[in-house]
Asks: 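Before I ask anything, let me first share the structure, which is written out below as structure tokens.
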Amino acid sequence: MTKWNNSDIYRIARERMVETQIKARGIKDSRVINAMLKVPRHLFVDEALQEQAYGDYPLPIGEGQTISQPYIVALMTEALELKGTERVLEIGTGSGYQTAILAELALWVYTIERFYKLSKRAQKILLEVLGYKNISFKVGDGSLGWKEAAPFDAIIITAATPEIPKPLIDQLAEGGRIVAPVGSEYSQTLIKGIKKGGKLYTTPIEEVRFVKLVGAYGFKE
Ligand code: SAM
């Protein structure tokens, strides 16, 4: 008789998640699909929530914040068009799950989180448990960007913002892509921007709902 262990069960849950939530909704980039098949999402949530980690919804991660729904992670990542050579800036480390997906697909990930506790927990999983070697962490207001590490080939904001923060547009490389939920505190449109000739050209992707970006260029607490 076959013996199932936890890692088999979570691998099967991941395969089902990719088939029913990711591929079925039109995500095509095979690199994104492979990363979603590989990264153990259940390690990024509390033990009590691990069985729900592959469900089609966000989950709480503490500090009033959430790990995004798997499909939204895939959609935003695909829009960044990563080939493996990019330096990526992520605003809102949160659980670190999106960070892991980016670390699978890009050369280097710079990630900023405003809550020290969340950043520390993400660092523990990403560096100590999973052994990623291409991630730099910072605690602070990500709406100001990471000037010393700029320019970035891709920027992802994983929290709702009233507009794309100007420092982030300045820190985006020519030809670079930025993806962000832009709108009010209660509803936003996922926007993809491409920088050409120093200007950002944006197109809407779909309606979304994120927790808010709190900072100088975001919302007030
Ligand atoms: N990508 C994350 C994941 O996979 O778990 C989900 C991020 S959660 C939806 C948004 C995160 O942005 C929260 O952890 C929140 O604390 C953080 N955040 C909000 N405003 C921020 C800011 N100005 N700078 C950095 N992080 C911020």
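In each ligand, atom 1 is the first atom listed, and ligand 1 is the first ligand listed. Nothing here was measured: the structure is a model prediction, and the numbers come from that model.
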Asks: Side chains of E90 and T111: is there a donor and an acceptor less than 3.5 Å apart?
Replies: yes
Asks: Is it the side chain (CB and beyond), the backbone, both or neither of D141 that lies under 4.0 Å from ligand 1, heavy atoms counted?
Replies: both
Asks: In ligand 1, which numbered atoms sit nearer than 4.0 Å to a non-hydrogen atom of G140?
Replies: 24 (N), 25 (C)
Asks: Say whether, by atom type as modelled, one donor and one acceptor occur between the side chain of S143 and the main chain of Y217 under 3.5 angstrom.
Replies: yes
Asks: Pairing donors with acceptors under 3.5 angstrom, does anything connect the side chains of S68 and Q98?
Replies: no
Asks: Counting non-hydrogen protein atoms only, what is the nearest one to atom 26 (N) of ligand 1? Give residue, atom name and distance.
Replies: R114 N, 3.3 Å
Asks: Where the side chain of Q188 meets the backbone of E207, is there a donor-acceptor pair that is under 3.5 Å apart?
Replies: no
Asks: Does ligand 1 have an atom that lies less than 4.0 angstrom from a heavy atom of T93?
Replies: yes
Asks: List ligand 1 atoms under 4.0 Å from Y97, heavy atoms only on the residue side.
Replies: 4 (O)
Asks: Does E90 come within less than 4.0 angstrom of ligand 1, counting non-hydrogen atoms of the residue?
Replies: yes
Asks: According to the salt bridge (Lys or Arg N to Asp or Glu O under 4.0 Å) rule, which pairs have a member within residues 187-200, sequence neighbours left out?
Replies: E81-K192
Asks: Of all the atoms in ligand 1, which lie at a distance below 4.0 Å from a heavy atom belonging to V211?
Replies: 8 (S), 9 (C), 10 (C)
Asks: Can you report which non-hydrogen protein atom sits closest to atom 23 (N) of ligand 1, along with the distance?
Replies: V214 O, 2.7 Å
Asks: Closer than 4.0 Å to some heavy atom of G92 - which atoms of ligand 1 meet that?
Replies: 1 (N), 2 (C), 7 (C), 11 (C), 12 (O), 17 (C), 26 (N)
Asks: Give the atoms of ligand 1, by number and element, whose distance to some non-hydrogen atom of I67 is under 4.0 Å.
Replies: 5 (O)
Asks: Does some non-hydrogen atom of A216 fall short of 4.0 Å from ligand 1?
Replies: no
Asks: Distance to 0.1 Å, residue and atom name: give those for the protein heavy atom nearest to atom 3 (C) of ligand 1.
Replies: S95 OG, 3.4 Å
Asks: At a 4.0 Å threshold, what atoms of ligand 1 neighbour a non-hydrogen atom of L118?
Replies: 14 (O)
Asks: Counting only heavy atoms not in R16 (residues, nucleotides, ligands), do more than 12 fall under 6.0 Å from its CZ?
Replies: no
Asks: What protein heavy atom lies closest to atom 7 (C) of ligand 1? Include the residue and the distance to one decimal.
Replies: T158 OG1, 3.3 Å
Asks: Would you say R87 and Y110 are linked by a side-chain donor-acceptor pair, where the criterion is simply a distance under 3.5 Å?
Replies: yes
Asks: Considering distance alone, does some N or O of S68 sit under 3.5 Å from an N or O of ligand 1?
Replies: no
Asks: Quick one: side chain to side chain contact (heavy atoms under 4.5 Å, CB included) partners of I169, sequence neighbours excluded?
Replies: I164, L200
Asks: So, does R121 use its side chain to make a donor-acceptor pair with the main chain of G94 at under 3.5 Å?
Replies: no
Asks: In terms of residue, atom name and distance, what is the protein heavy atom nearest to atom 24 (N) of ligand 1?
Replies: G142 N, 2.8 Å
Asks: Tell me: protein heavy atom nearest atom 6 (C) of ligand 1, and distance?
Replies: T66 O, 3.3 Å
Asks: Could an N or O of ligand 1 be found under 3.5 Å from any N or O of I61, whether backbone or side chain?
Replies: no
Asks: Do S119 and Q123 have side-chain atoms, one donor and one acceptor, less than 3.5 Å apart?
Replies: yes
Asks: Strictly distance-based, threshold 3.5 Å: is any side-chain N or O of S95 a donor or acceptor partner for the main-chain N or O of V45?
Replies: no
Asks: Are side-chain N/O atoms of E104 and Y132 paired as donor and acceptor at under 3.5 Å?
Replies: yes
Asks: Which ligand 1 atoms, with their elements, are less than 4.0 angstrom from a heavy-atom of F115?
Replies: 16 (O)
Asks: Is the contact between K212 and ligand 1 made by the side chain, the backbone, both, or neither, using heavy atoms and a 4.0 Å cut-off?
Replies: backbone
Asks: Taking R14 for its side chain and L37 for its backbone only, find out whether a donor-acceptor pair lies under 3.5 Å.
Replies: yes
Asks: Please work out whether any backbone atom (N, CA, C, O) or any side-chain heavy atom from C-beta onward of E113 is under 4.0 Å from ligand 1, and answer side chain, backbone, both or neither.
Replies: both
Asks: Which residue and atom name correspond to the protein heavy atom nearest atom 13 (C) of ligand 1, and how close is it?
Replies: Q65 OE1, 3.2 Å
Asks: Determine whether more than 12 heavy atoms belonging to other residues, nucleotides or ligands lie under 6.0 Å from atom OH of Y57.
Replies: yes
Asks: Students should be able to answer this: which protein heavy-atom is nearest to atom 4 (O) of ligand 1, and at what distance?
Replies: Q98 N, 3.1 Å
